[in-house]
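Report on the following structure.
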Amino acid sequence: MQPDWIMGLLGGLIIGLAGAVYLLGNGRIMGASGIIGGAVDGSDRTAERLTFLAGLFGAPALLALVVGAPDTRVTSDIAVLVAAGLLVGIGTRIANGCTSGHGVCGISRLSLRGIVATVFYILAGGLTVTVFRHVLGVI
Amino acid sequence: MRSLVSLLAGSLFGIGLLLSGMTDTVKVQGWLDVFGDWDPTLAFVMGGAIIPMAIAWQVARVLRRPLAGDRFPPAPGAEVDRMIVIGSVLFGMGWGLAGLCPGPAVASLSYGGTGGLIFALAMVAGMWLAPRLRARLDRAVPAE
């Protein structure tokens with residue numbers, strides 16, 4: 001495998017290409033939380049959302065069969081997983097976006113809302129890791 | 001046609017997430033861990049993703065309409081409301097706790113084990129709850 005930063009850059013370029021395809025093809029902003037949340041609500045454009053999610057789930061599943069599944073090293077602490085999942089689900093819907101919609105798609109068009117969102121979720125994430133890892137020692 | 005575009009975009013997104021290392025929760029938490037063993041990978045992923053996306057926004061200004069759609073998204077609003085800040089802080093806390101955000105959570109479902117599945121189910125429950133909580137927040141603390 002290549003060094004981490006090269007794989008990060010390559011993977012990032014492919015993620016950006018995905019967003020470009022979604023924008024120029026369907027005229028939509030590629031935001032994972034909006035696409036999943038819309039599917040949960042059952043609002044309009046259901047076919048578009050479900051096919052996107054099919055690709056998002058299926059393509060890495062196939063790639064993992066070919067090149068081997070990467071280690072996700074997800075915590076086994078169920079309380080942490082449930083709390084984190086609820087926070088991510090509630091937070092991204094209240095903020096109307098996550099790393100892909102506000103981060104990648106928002107910053108690339110210099111959207112003030114996207115930039116502010118990104119600053120706050122990175123600050124909150126950094127503070128959370130610092131407190132829960134170095135102060136409390138639970139993650 | 002729109003569904004084909006979605007399938008292609010979703011597939012590329014998932015492949016990019018897997019290859020970039022962003023489905024590895026330790027790498028994501030490592031990027032947020034500025035006082036520990038800091039891992040810069042996520043910055044390369046973000047930077048890499050913004051390049052094609054920035055070009056796409058410029059192309060969208062030249063094209064009159066999307067290839068399989070009616071119109072492009074409207075210009076972003078200039079207003080930063082409190083929901084952006086409150087929501088992003090909550091999201092960031094969850095992101096830091098588990099090292100997963102919505103895209104990677106779905107992309108890694110097939111190989112993320114039980115833990116990844118529990119996170120994804122809780123996330124979906126949170127997304128279902130959010131509109132209800134948001135209505136309550138609006139009533140409890142009116143914006144103005």
Side-chain angles (χ1 to χ4, degrees), chain A residues 4-5 8-9 11-23 25-27 29 32-33 37 40 47-48 51-52 55-56 59-61 64 69 72-74 81-82 84-95 98-100 104 108-109 111 116-117 120-121 124-126 128-130, chain B residues 2-3 5-7 9-16 18-20 25-26 32-33 41 44-45 48-50 52-54 56-57 66-69 72-73 76 80 84 87-98 101-103 106-108 110-112 115-116 118-119 122-123 126-127 130:
Chain A
D4 285 359
W5 70 268
L9 191 61
L13 287 167
I14 298 173
I15 293 167
L17 181 64
V21 166
Y22 206 49
L23 176 71
N26 288 358
I29 291 173
S33 58
V40 171
E48 183 175 282
T51 44
F52 183 92
L56 179 56
T72 57
R73 295 186 274 183
V74 179
L81 286 168
V82 171
L86 284 171
L87 283 166
V88 168
I90 293 168
T92 53
R93 293 237 77 193
I94 288 180
C98 57
T99 342
S100 47
V104 174
S108 61
R109 74 197 297 213
S111 153
V116 169
F120 275 96
Y121 65 68
T128 301
V129 169
T130 301
Chain B
R2 289 181 69 87
S3 292
V5 171
S6 294
L7 185 67
S11 301
L12 286 170
F13 187 31
I15 288 167
L18 186 155
L19 291 179
S20 66
T25 59
V26 171
L32 293 169
D33 192 7
T41 309
F44 287 95
V45 181
I50 285 172
M53 204 56 221
W57 284 117
L67 302 173
F72 285 113
V80 177
I84 289 269
S88 295
V89 167
L90 295 175
F91 162 45
M93 289 167 65
W95 192 40
L97 275 179
C101 53
V106 175
S108 66
S110 63
Y111 56 86
I118 292 171
F119 176 89
M123 179 181 80
M127 287 178 171

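Naming convention: chains lettered A, B, ... in sequence-line order (proteins, then strands); numbering from 1 in each chain. The structure displayed is predicted, hence computed values, not measured ones.
Interface summary for chain B: among A:Leu17, A:Val116, A:Leu81, the most heavy-atom pairs under 4.5 angstrom belong to A:Leu81. Taking B:Gly103, B:Ala56, B:Ala54, B:Ala9 one by one and counting their heavy-atom pairs under 4.5 Å with chain A, the maximum is reached by B:Ala9. Interface summary for chain A: among B:Val5, B:Val89, B:Leu32, B:Val80, the most heavy-atom pairs under 4.5 angstrom belong to B:Leu32. Comparing A:Ala59, A:Ala32, A:Ala95 by how many heavy-atom pairs each has under 4.5 Å with chain B, the most go to A:Ala95. Considering only heavy-atom pairs separated by less than 4.5 Å from chain A, the leading option among B:Gly96, B:Ala107, B:Gly112, B:Cys101 is B:Ala107. Chosen from B:Ser108, B:Ser110, B:Gly116, B:Ala98, the residue pairing most often with chain A at heavy-atom distances under 4.5 Å is B:Ser110. Chosen from B:Gly115, B:Ser20, B:Gly14, the residue pairing most often with chain A at heavy-atom distances under 4.5 Å is B:Ser20.
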B:Thr41 vs A:Trp5, test: side chain to side chain donor-acceptor pair (under 3.5 Å). Steps then yes/no.
CA-CA 5 Å; B:Thr41 309; A:Trp5 70 268; over 6 Å; no
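Each of A:Leu87, A:Thr92, A:Ile94, A:Ile90 was compared with B:Phe91 under the side chain to side chain contact (heavy atoms under 4.5 Å, CB included) criterion, and only A:Thr92 meets it.
Only the side chain of A:Thr130 has a heavy atom closer than 4.5 Å to any heavy atom of chain B. Contacts of A:Ser100 with chain B are made by side-chain atoms alone, with heavy-atom separations under 4.5 Å and no backbone atom involved. With a threshold of 4.5 angstrom between heavy atoms, A:Thr128 approaches chain B through side-chain atoms but not through N, CA, C or O.
To the nearest 0.5 Å, the span separating CZ on B:Phe72 from CG on A:Asn26 amounts to 10.5 Å. Separating the CG atom in B:Leu90 from the OH atom in A:Tyr121 is a distance of 14.5 Å, to the nearest 0.5 Å.
Of the possible polar contacts, one joining the B:Arg2 side chain to the B:Ala68 backbone as a donor-acceptor pair under 3.5 Å is found.
Taking the six-membered ring where the residue is Trp, the centroids of A:Tyr22 and B:Phe13 are separated by 6.0 Å or more.
Using a 4.5 Å cut-off on side-chain heavy atoms (C-beta onward), B:Met53 and A:Ile15 make no contact.
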